[in-house]
2 protein chains.
Amino acid sequence: MVDINPTRPRRDSYTVETLLAVTVKVFNERGYDGTSMEDLSRAAGISKSSIYHHVRGKEELLNLAVGRALDSLFGILDEPAAAAGPAAARLEHVVRRTTEVLIAELPYVTLLLRVRGNTSAEQWALRRRREFDHHVAELLAAAVRSGELRADVDPRLATRLIFGMINSLVEWYRPEGDDKGADAEQIADAVVELSLSGLRVPRD
Amino acid sequence: MVDINPTRPRRDSYTVETLLAVTVKVFNERGYDGTSMEDLSRAAGISKSSIYHHVRGKEELLNLAVGRALDSLFGILDEPAAAAGPAAARLEHVVRRTTEVLIAELPYVTLLLRVRGNTSAEQWALRRRREFDHHVAELLAAAVRSGELRADVDPRLATRLIFGMINSLVEWYRPEGDDKGADAEQIADAVVELSLSGLRVPRD
DNA sequence: GTCTATACCGTGATAGAC
DNA sequence: GTCTATCACGGTATAGAC
């Protein structure tokens with residue numbers, strides 16, 4: 001008989017997937033470098049050496065986590081609404097979806113955003129993040145050229161500030177209850193509204 | 001004869017201040033936990049044990065750095081333009097000055113923003129940061145109540161997003177050349193403009 | 001104020017039994 | 001698939017000479 005909820009780690013028998021979920025939680029609490037294999041074994045409820053049965057070591061756990069986050073983010077760029085139509089509408093879609101994906105994959109994206117580039121695998125993650133940002137900056141620049149967005153703010157700078165706004169979610173957002181979807185909706189609205197229309201009351 | 005530039009660390013004879021400058025740089029590159037005393041001694045050009053002559057240990061260096069960043073930030077709230085006048089104008093001043101201070105004290109604020117709360121000193125730093133944010137959220141809420149800002153965005157959420165935008169500077173901004181002040185001005189303008197008016201072209 | 005030498009402990013990782 | 005036992009290494013920190 002198959003387990004009803006395969007994403008929740010069960011004591012007695014881990015898979016890489018369930019072990020990863022526990023691991024990422026601890027990494028985010030204590031930082032990657034601040035987490036020892038001892039910490040992980042305690043959190044998972046198994047011995048250190050049992051962890052090595054599932055993965056090569058600590059760094060492999062990090063790679064699996066950030067890889068998953070990157071896949072989710074790049075998936076957004078392939079969505080129809082991000083690939084065709086007026087540039088400003090495509091931008092709005094990417095901004096909204098990035099916010100939603102960040103919330104849906106919160107632990108994994110959190111870890112991705114904290115990677116500093118100490119190892120070569122981390123540097124690869126940083127390069128892919130820059131690639132994603134660059135793609136969005138292109139979109140924003142196109143919207144400026146077509147007159148849909150203001151020309152008096154540097155597209156690169158604006159892109160960075162908007163991502164700063166979105167990415168900062170990992171610093172404070174904590175899912176509560178079962179209406180995580182509604183939460184995400186409300187926050188995504190605020191992000192889109194703030195970045196496109198601003199806080200000031202409209203004059204008309 | 002007194003040294004011309006006491007903020008630049010000289011080989012042969014460190015002070016706590018000059019040692020701190022080197023330390024913070026390395027902490028930001030490799031992460032606090034990822035930095036060993038060996039790393040610090042190599043970067044400073046003195047032996048490990050010489051470092052212990054100046055400070056009690058690694059954690060004291062962290063405390064000194066984040067304390068300095070917090071002092072700079074809280075100094076903003078005492079400025080006249082932040083303490084009196086219409087709420088929206090006070091908010092705009094705090095947003096602009098926070099951006100400027102962050103750029104002026106970049107290495108120290110960067111370290112502050114990366115603190116995760118592993119030790120009690122780090123938890124204290126997190127509490128003070130929240131205190132600062134709370135103060136600004138109050139300002140924003142007051143501006144909403146007086147009708148100066150839109151009422152359809154939650155003040156707490158808006159505050160967090162704006163700080164997210166500002167704080168994200170530490171992830172990518174690198175001072176270049178000698179016009180650091182001009183840089184700061186341009187970025188602060190963009191932050192204020194984006195958060196208050198948004199990217200969309202005005203309709204009037 | 002700096003050095004060399006070293007104590008001591010926690011770390012990531014392995015061996016081999018069950 | 002998990003365990004206990006153990007290893008080699010690198011970490012923070014200290015002692016004491018110059």
Side-chain angles (χ1 to χ4, degrees), chain A residues 1-3 6-27 29-66 111 115-116 118-122, chain B residues 1-3 6-24 26-27 29-65 111 115-116 118-122:
Chain A
M1 182 184 166
V2 171
D3 189 79
T7 62
R8 194 195 27 263
R10 305 152 297 164
R11 185 60 242 286
D12 292 37
S13 221
Y14 273 104
T15 67
V16 174
E17 186 65 15
T18 57
L19 181 60
L20 190 60
V22 176
T23 298
V24 169
K25 192 160 175 287
V26 183
F27 279 172
E29 282 166 0
R30 311 184 55 78
Y32 174 72
D33 285 312
T35 302
S36 68
M37 293 301 277
E38 182 70 33
D39 292 329
L40 291 184
S41 84
R42 230 178 302 118
I46 60 177
S47 70
K48 278 193 290 179
S49 50
S50 294
I51 296 176
Y52 287 95
H53 179 266
H54 298 282
V55 291
R56 275 174 187 281
K58 196 172 138 179
E59 196 172 346
E60 180 168 310
L61 286 164
L62 180 66
N63 292 345
L64 288 170
V66 303
L111 200 56
V115 148
R116 297 261 70 86
N118 283 359
T119 70
S120 64
E122 295 182 42
Chain B
M1 181 184 165
V2 172
D3 189 85
T7 62
R8 209 239 316 292
R10 304 151 297 164
R11 185 58 242 284
D12 293 39
S13 220
Y14 273 104
T15 66
V16 173
E17 186 64 16
T18 57
L19 181 60
L20 190 60
V22 176
T23 297
V24 169
V26 183
F27 280 172
E29 282 167 359
R30 311 184 57 77
Y32 174 72
D33 285 312
T35 302
S36 69
M37 293 301 277
E38 180 72 33
D39 292 329
L40 291 183
S41 85
R42 229 177 303 117
I46 61 177
S47 71
K48 280 191 285 180
S49 51
S50 295
I51 295 178
Y52 286 95
H53 179 265
H54 298 282
V55 291
R56 276 174 185 282
K58 196 173 139 181
E59 196 173 345
E60 181 168 311
L61 287 164
L62 179 65
N63 293 344
L64 288 170
L111 200 56
V115 148
R116 297 261 71 85
N118 282 0
T119 72
S120 65
E122 293 181 43

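Sequence lines set the chain letters: A, B, ... in the order given, protein chains first and strands last, and positions in each chain run from 1.
Looking at A:T18, its side chain never comes within 3.5 Å of a backbone N or O of A:Y14 through a donor-acceptor pair. Side chain of A:D39 to main chain of A:S36: a donor-acceptor pair is present (N/O by atom type, distance under 3.5 Å, no hydrogens or angles).
Whole-Å rounding puts the A:E38 CD to D:dA5 C1' distance at 14 Å. In this entry the distance linking CD of B:E60 with P of D:dT12 reads 15 Å, nearest Å. We find that NE2 of B:H54 is positioned 16 Å from C1' of D:dT14, with the value rounded to whole Å. Counting to the nearest Å, the P atom of D:dG11 and the OH atom of B:Y32 are 14 Å from each other. Per the geometry, CE belonging to A:M37 stands 13 Å off P belonging to D:dT2, to the nearest Å. Remark: P of D:dG11 and CG of B:L61 are 17 Å apart, rounded to the nearest angstrom. The distance from atom OH of B:Y52 to atom C1' of C:dC3 is 15 Å, rounded to the nearest whole Å. Rounded to whole angstrom, the span from the CD1 atom of A:I51 across to the P atom of C:dA15 amounts to 18 Å.
Contact check, B:H53 against D:dT14: no side-chain N or O comes under 4.0 Å of OP1 or OP2. Close to C:dT11, at under 4.0 Å from its OP1 or OP2, lies a side-chain N or O of A:S36. Distances shown here put a side-chain N or O of B:S47 below 4.0 Å from the OP1 or OP2 atom of C:dC3.
Taking the side chain as every heavy atom from C-beta outward, A:R116 and B:R30 never approach each other to under 4.5 Å. With contacts defined as side-chain heavy-atom distances shorter than 4.5 Å, the pair B:L40/B:L61 qualifies.
No engagement by A:S41 is indicated, since no non-hydrogen atom pair under 4.0 Å with the nucleic acid exists.
To the nearest 0.5 angstrom, A:I51 atom CD1 is 11.0 Å from A:K58 atom NZ.
When A:T35, A:D33, A:V22 are each tested for a side-chain contact (heavy atoms from CB on, under 4.5 Å) with A:F27, only one passes: A:T35.
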Item to complete: Run the numbers on A:L62 and A:E122 for side chain to side chain contact (heavy atoms under 4.5 Å, CB included), then give the verdict.
Response: CA-CA 9 Å; A:L62 180 66; A:E122 295 182 42; 3.8 Å; yes

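In the set D:dG1, C:dA13, D:dT14, D:dT14 carries the atom at the smallest distance from any side-chain atom of B:S49. The nucleotide whose nearest atom lies closest to any side-chain atom of A:I46 is, among D:dA13, C:dG1, D:dC3, D:dC3. Counting only heavy atoms from C-beta on, B:K48 has its side chain closest to D:dA13 among C:dT2, C:dG12, D:dA13.
One axis for each end of the helix from C:dG1-D:dC18 to C:dC18-D:dG1, each built from five base pairs, and the angle between them comes to 10° at 10° resolution.
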